[in-house]
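Both ligands and their constituent atoms are indexed starting at 1 by order of listing.
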Amino acid sequence: MKLTPDQQAMLDGEKGWPLQIAMQMLTAVGAALDAPDMIPVTSTHLVIDGTALGEAGRDFLERLVEEGGRFAVPASINAIAVDRTKADMTAEEHDQIRMLEACEKMGALPSCSCNPFIQGILPTFGEHVAWSESATAPFVNSVLGARTNREGATAVASALTGLAPRCGMHLDENRRGEILLKVETEISGVDRFSLLGALAGRLAGDRIPVLDGISTPPGIDEYVAFGAAFAIHGASAMFHIAGITPEAPDADTAFGGLAPAEEFIIDEAAIAAEHAATANGTAGPVDVVSIGCPHASLDQLRDAAALLADGRASGDVTFYIHTNRSTWDAADAEGIIDALTGAGVSVTADNCAVVSYDRVPSGTRLATNSAKMALFARSVSDAEILFGTTADCIAAGITGHWSGRQK
Ligand code: F3S
């Protein structure tokens, strides 16, 4: 890769170990992906989930601090594995807090959310950024028109240097649509956008799909639900919605004038089949309700409180709504947290039912409106999934029984 003298000095260790290790990471990735040089980035989003990084991650981040590492660009933090306000933490949970504190010492914003968009962290059109967490990249690229690859540990290296290899989604030619998904059924609500995202992600694989036929622009909660499911079921970092997303004023433009490599029709039968594949549970008792994957917005918390206004969670159900601390605080100021906790709901901040040291136990019957939570809970907790609308999930939380649209 062609490096500037300043970048070469970082790589040679003349500017300290943190910048040297960061440049080693970035040049290794850049060389593997044939990047000609580095591109400046304006922000980063970091995954420091302690259940994944463990003691090695803690030691690495703390060594960066000890050796003088400081972030060169704004860095937000993804969901972590424990609520920061929890009393009596375990040793592992303390380690997670140490990782967060290390990042804060280097200049990170402790946003602790897989949905930083609802906290107002929104890169603008054309900005080059380096964002980790698979679900954020499709939103950044597709909805905002900013540019990021699906970063991993390299996001920390980009935070330290303010650089990323010039490759992948940073380049115009890699942002064109590749396959066409003709949507021939009405899609609205987070549950149906989540199912559509899961299906689109799987059909796309590592290709960029153009969805044609969505007439009503999704709201931010629907986009986030779609993007999270899209990312977990596929490897692509971008989608287009013809006539709606910023780089797709129409399908032809999204394809850059080229023909799609493949076409699929998504009709009601395809959505129903996706629902059936997502939900492996049968009607009956519910152990856990999990709403807020990705983290719930203030509107979603308000809606949940309204749906629970005349009800109360069954004593047999652990009823979670997951959000981040700043949204929790805003909801608290409106009295929504009191209303929800008074109705027996646990409104978690910073973490969720599976990104946690305290995951739902194996075999849990878990009701959710999120295809991402469904896949995660099945994978990491061998959960039995009951999938439906937010209202279905809340009804199940109140009655302790699943009677939603379970197939
Ligand atoms: Fe967020 Fe947990 Fe879902 S971290 S995206 S709520 S699995």
Practice problem: In sequence, state the C-alpha distance, the side-chain angles, and the governing distance for K15 and D6, and then conclude on salt bridge (Lys or Arg N to Asp or Glu O under 4.0 Å). | Solution: CA-CA 9 Å; K15 295 181 176 246; D6 190 52; 2.6 Å; yes

Practice problem: Please lay out, stage by stage, how K86 and D83 fare under the test salt bridge (Lys or Arg N to Asp or Glu O under 4.0 Å). | Solution: CA-CA 5 Å; K86 184 183 175 197; D83 183 327; over 6 Å; no

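- Counting only residues at least two apart or on different chains, no salt bridge (Lys or Arg N to Asp or Glu O under 4.0 Å) pair has a member in residues 277-292.
- Aromatic ring pairs are classed by plane angle as parallel below 30°, tilted from 30° to 60° and perpendicular above 60°; the pair W131 and F117 is parallel.
- Among protein heavy atoms, atom 7 (S) of ligand 1 sits closest to F376 CD2, 3.5 Å.
- Taking a cut-off of under 4.0 Å to the non-hydrogen atoms of V354, the atoms of ligand 1 that pass are 7 (S).
- Protein contacts to atom 1 (Fe) of ligand 1 involving N, O or S atoms at a distance below 2.8 Å are C114 SG.
- Because its NZ or CZ atom is not both nearer than 6.0 Å to the ring centre of W402 and within 45° of the ring axis, R365 does not count as a cation-pi partner of that residue.
- Between R70 atom CZ and L19 atom CG the span is 11.0 Å, to the nearest 0.5 Å.
- A donor and an acceptor atom, one from each side chain of T348 and H322, are located under 3.5 Å apart.
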